[in-house]
Visitor: 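The structure follows.
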Protein chains: 2
Amino acid sequence: MDLQEGKDKFIQSWGALGSSWGINRTMAQIHALLLISPVALSAEEIMEELKISRGNANMNIRALIDWGLVFKELKPGERKEYFVGEKDMWEVVKNIITQRKKRELEPMLKVLDEISSVEEVDAESKEFVKVIRDIKLFSSKADSTLDSLVKADSNWFVGTFMKMIR
Amino acid sequence: MDLQEGKDKFIQSWGALGSSWGINRTMAQIHALLLISPVALSAEEIMEELKISRGNANMNIRALIDWGLVFKELKPGERKEYFVGEKDMWEVVKNIITQRKKRELEPMLKVLDEISSVEEVDAESKEFVKVIRDIKLFSSKADSTLDSLVKADSNWFVGTFMKMIR
DNA sequence: CAAAATTTTCAATACTTCCTGAAAAATTTA
DNA sequence: TAAATTTTTCAGGAAGTATTGAAAATTTTG
C-alpha cells in the first residue's frame with residue numbers, strides 16, 4: 001500500500017468512527033489529518049486536503065481546540081495560524097473522557113439527584129425511587145472511576161491495569 | 001416532585017444522553033421507560049406513553065433486543081408481546097461495551113493493520129507508519145482491557161477497582 | 001491610519017437520519 | 001382454512017445536522 005492510500009484510508013475510517021461517537025465526521029477527519037501530519041498545517045491546507053469549505057474548517061478546528069485535541073502554532077514571520085494535533089493517544093482519550101464527563105455524565109447525575117426526591121407514597125413511586133437511586137449510585141461510581149483514570153498516568157494504563165485485571 | 005414528573009424527566013434526560021452516544025433518542029427513551037417500569041409493557045403501551053408511531057416503536061424495540069438491553073416476555077393466554085428492560089446497570093454497560101467494541105473498535109483495528117503495511121520508503125512514510133503503529137498498539141490495549149472489564153463481575157467494578165485506583 | 005491578509009460568523013441550503021402510517025407479512029385462534 | 005390479531009416493512013415526508021460561501025470582523029503590516 002502506498003502512503004497516499006494509507007493516509008486516505010485512515011482519515012476516512014477515523015471520520016466514520018467519529019460519527020458513531022457523536023463527533024461529526026469532518027471534525028474527526030481534521031483530527032485524523034493532524035494526527036498523521038508530521039508538520040503543523042494551516043486552515044488552507046486542511047481545506048485543500050479534505051476538500052471542505054473555509055467556514056467548515058474554521059468551525060471544526062475551533063471545536064477541536066476546545067476539546068484540547070488540537071493546538072495553534074504560530075510560525076515566526078508568518079501571518080497564518082498553523083495547527084498541530086495532540087499525538088499522544090492517552091492524552092487524546094483523557095481529554096475526551098474529561099469533556100464528555102463534564103458535558104454528559106455530570107448533568108445526568110444532577111437530574112438523577114433531583115428525581116430521587118419523588119415522594120414515596122405508594123408501591124410504584126417507591127419502586128421508581130429505588131431504581132433511580134440504583135442508577136445514581138452506579139453513575140457516581142463510574143464518575144469517580146473516570147476521575148481516577150484521568151488522573152492516572154499512561155504507564156499505569158498500559159501496564160499495571162492490564163496485568164491486574166487478567 | 002411527583003411520580004409522573006419524575007418519570008418524564010428521567011425519560012427525557014436518558015433520551016438526550018443517548019443522542020450524544022450514537023443511540024437515537026427514541027431508542028434511549030424506550031430503554032428508559034422500560035428501566036423504570038415495574039411491569040413488562042406491550043408495544044401499544046410504549047407507543048402510548050412516548051407518543052410515537054407503531055413503526056418507530058417496533059424498530060427501536062428490535063434494536064434494543066439486538067443490543068441485549070430489552071427482552072421479550074410472553075404472557076400466557078395473551079397474544080401480544082410484552083417487553084422488559086435489563087435493570088442491572090452493570091449488565092447494561094457490559095452489553096453496550098461488547099456491542100460497540102465489535103461494531104467500531106474491531107473494524108478500526110483491522111484498518112490500522114492494513115494501513116501499517118504502507119511501504120516505508122522515505123521519512124514521511126516512515127513517520128506515518130510509526131504513528132499508525134502507535135495508535136494500533138494503544139487500541140489493542142484498549143480492546144483487551146475492555147475484554148477483561150466485560151469478563152469481570154459487577155462486584156469487582158463497584159469494589160476493588162475503586163479502592164485500587166484511588 | 002489605510003490596505004492587505006486572515007479569521008470568524010451566519011443565513012441559506014444540502015445532506016442525513018428519523019419517524020409516520022398504511023400496507024404486507026406473519027402468527028394465532030376457532 | 002379463514003378471520004382476527006399482531007408484528008414487520010418501507011416509501012415518503014419531517015426534523016435535525018452539517019456545509020457552503022460570501023460578507024463582516026479582526027489582525028497585521030507598512
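Chain naming here is simple, since letters A, B, ... match the order of the sequence lines and numbering starts at 1 in each.
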Visitor: Treating Asn60(A) as the side-chain partner and Thr26(A) as the backbone partner, does any N or O pair qualify as donor plus acceptor under 3.5 Å?
Guide: no
Visitor: Please report the distance, rounded to the nearest Å, between CE in Met47(A) and C1' in dA22(D).
Guide: 12 Å
Visitor: Rounded to whole angstroms, how far apart are CZ on Arg62(A) and C1' on dT8(C)?
Guide: 8 Å
Visitor: Rounded to the Å, how far apart are Glu81(B) CD and dT5(D) P?
Guide: 17 Å
Visitor: In whole angstrom, give the distance that lies between atom CD1 of Ile65(B) and atom C1' of dT7(D).
Guide: 11 Å
Visitor: Any donor-acceptor pair under 3.5 Å linking the side chain of Glu119(A) with the backbone of Met1(B)?
Guide: yes
Visitor: Same cluster or not: are Met108(B) and Val150(B) linked, directly or through other Ile, Leu, Val, Met, Phe, Trp or Tyr residues, by side-chain heavy atoms under 4.5 angstrom apart?
Guide: yes
Visitor: Give a yes or no answer on whether the side chain of Ser117(A) reaches the backbone of Asp113(A) with a donor-acceptor pair at less than 3.5 Å.
Guide: no
Visitor: Decide yes or no for Arg62(B) and Asp66(B): does some side-chain heavy atom of the first lie under 4.5 Å from some side-chain heavy atom of the second?
Guide: no
Visitor: Could you give the NZ-to-C1' distance, from Lys72(A) to dT8(C), as a whole number of Å?
Guide: 11 Å
Visitor: With a 4.0 Å limit, can you tell me whether Asn58(B) has a side-chain N or O closer than that to the phosphate oxygens OP1/OP2 of dT7(D)?
Guide: no
Visitor: To the nearest Å, give me how far apart CD1 (Ile46(A)) and P (dT8(C)) are.
Guide: 12 Å
Visitor: Atom CG of Leu41(B) to atom P of dT6(D): distance rounded to whole Å?
Guide: 16 Å
Visitor: What is the distance, to the nearest angstrom, from the CD1 atom on Ile61(A) to the P atom on dT9(C)?
Guide: 13 Å
Visitor: Counting primed atoms plus P, OP1 and OP2 as sugar-phosphate and everything else as base, spell out the protein contacts along nucleotides 12-30 of chain C at 4.0 Å heavy-atom distance: B, S or - for each nucleotide, 5' to 3'.
Guide: ------SSBB------BS-
Visitor: Quick one about Asn95(A) and Thr98(A) (side-chain donor to acceptor, distance below 3.5 Å, no hydrogens or angles considered), yes or no?
Guide: no
